[in-house]
Amino acid sequence: MLRLGDYNTLRIVKSVDFGLYLDGGEEGEILLPQRYVTKDMHIDDEVEVFIYLDQEERPVATTEHPYAKVGEFASLEVAWVNQFGAFLKWGLMKDLFCPFREQKQRMALGQHHIIYIKVDEDSYRLMATAKVEKQLSIPTTADLPSLTHGTPVDALVWQKTDLGFKVIVNNKFQGQIYDNQIFQPLHSGDKLTAYVDHVRQDGKIDLTLQPTGRQQTLDFAEVLLRYLYENDGRCNLSDKSPAELIYDRFHVSKKAYKKAIGDLYRRRLIIIEDDSIRLVP
């Protein structure tokens, strides 16, 4: 079955002056326009193409890759607006439509918005919705093993709150990164790797931006030890130094820095002073 707004592997059945026709099954033959045809494409070959709708709402194929597909969230820029809604740049020749009814606030030219891409059930057209809360899921019992403490996840930064930032986790769940866990600039639309702290009773996931636990301490302890060897055995940051200075130099939290110092001290590799640490002679 043809998947609209997604990648499909289809067989080439016909060559014409303006492109190739592909076998779309129940949808009939689907055009791959000439601009996407390459010399190594031949009749009966199978090609992977993205299927969307042309200006006349007919299925058409492309070898281009959009920024996101049906069932995914993305941060897209508004290309233009008319009396029906906004049209978003999503990496294809035809922009993606977001009707006014699917906007949380009126979109304007040049703005970026977090949206979800879906197929409109009534019109069978591809569309975006900015009402992303309705598209998020609550983790089930089956999901929990993949969301244990310390597990890395894909995070799309969604919006700023009084507590920090809402994020979309693994293109499926709602997460939160709190201000006291943020040691780098964040903006809506940023994509990054975060780490599960815990899953709350309401199903939302609290995240950190750095690995947690013993392995993080061991990994950074080795980084810090190498830094000392490369800098005359001394670092002018102690466990009492401001968190901002620690992050600027090592891109870790003060908590991670103090744990690494403790690990090296227990291994009798460093001496801790009031305003610095140094290697044991």
Side-chain angles (χ1 to χ4, degrees), residues 1-103 107-132 135 154 156 168 170-172 188-191:
M1 183 177 178
L2 194 71
R3 299 187 306 279
L4 181 64
D6 204 340
Y7 296 95
N8 296 254
T9 300
L10 304 179
R11 184 172 61 87
I12 300 171
V13 294
K14 186 190 303 180
S15 177
V16 293
D17 292 340
F18 46 86
L20 299 173
Y21 277 105
L22 313 177
D23 182 5
E26 294 180 0
E27 297 292 334
E29 294 179 349
I30 295 175
L31 178 66
L32 176 66
Q34 185 63 40
R35 69 175 65 91
Y36 306 121
V37 176
T38 61
K39 293 181 180 180
D40 58 349
M41 294 180 181
H42 305 96
I43 302 297
D44 287 332
D45 284 351
E46 290 189 335
V47 292
E48 183 182 65
V49 292
F50 186 84
I51 302 296
Y52 67 117
L53 301 177
D54 64 15
Q55 299 292 345
E56 298 180 8
E57 305 299 339
R58 299 173 301 189
V60 66
T62 178
T63 54
E64 293 182 317
H65 294 268
Y67 303 139
K69 62 182 183 178
V70 163
E72 292 184 344
F73 299 87
S75 175
L76 300 182
E77 181 183 352
V78 178
W80 54 291
V81 179
N82 67 9
Q83 67 269 35
F84 303 110
F87 294 80
L88 311 176
K89 299 177 183 179
W90 69 317
L92 300 180
M93 288 192 64
K94 182 185 176 185
D95 297 320
L96 181 66
F97 181 51
C98 183
F100 286 130
R101 71 176 186 274
E102 296 294 338
Q103 299 177 22
M107 295 180 175
L109 178 67
Q111 292 179 341
H112 284 78
H113 292 269
I114 302 295
I115 57 88
Y116 177 83
I117 302 176
K118 64 179 183 177
V119 177
D120 182 41
E121 295 179 357
D122 296 328
S123 64
Y124 191 62
R125 295 176 179 174
L126 293 170
M127 60 181 279
T129 176
K131 298 178 180 179
V132 297
Q135 311 301 328
D154 294 326
L156 173 64
I168 297 170
N170 286 348
N171 198 57
K172 189 174 184 181
S188 177
D190 287 350
K191 293 182 178 180

Item to check | Interatomic spacing from CG in Leu126 to CG in Leu92 - rounded to 0.5 Å | outcome: 9.5 Å

What residues, two or more places apart in sequence or in another chain, satisfy side-chain hydrogen bond (donor to acceptor under 3.5 Å, both in side chains) together with [X]?
{"X": "Lys172", "answer": "none"}
{"X": "Asp190", "answer": "none"}
{"X": "Glu29", "answer": "Lys14"}
{"X": "Asp154", "answer": "none"}

Give the table of side-chain donor-acceptor pairs shorter than 3.5 Å for residues 114-123, with sequence neighbours excluded, one pair per line with atom names and distance.
residue	atom	partner	partner atom	Å
Asp120	OD2	Ser123	N	3.2
Asp120	OD2	Ser123	OG	2.6
Ser123	OG	Arg125	N	3.4

Which residues pass the side chain to side chain contact (heavy atoms under 4.5 Å, CB included) test with [X], sequence neighbours left out?
{"X": "Lys131", "value": "Glu102, Lys104, Thr129, Lys134"}
{"X": "Gln55", "value": "Lys94"}
{"X": "Lys89", "value": "Glu77, Ala79, Asp95"}

Item to check | Pairs touching residues 15-28 that satisfy salt bridge (charged side-chain N to carboxylate O under 4.0 Å, His left out), sequence neighbours left out | outcome: Arg11-Asp23

Checklist entry - Under 30°, 30 to 60°, or over 60°: which ring-plane class applies to Tyr52 and Phe50, parallel, tilted or perpendicular? => result tilted

Donor-acceptor pairs are to be reported for all side-chain atoms of residues 64-74 against protein atoms at under 3.5 Å, with residues two or more places apart or in another chain.
residue	atom	partner	partner atom	Å
Glu64	OE1	Tyr36	OH	3.4
His65	ND1	Tyr7	OH	3.0
Lys69	NZ	Asp6	OD1	3.4
Glu72	OE1	Lys69	N	3.1

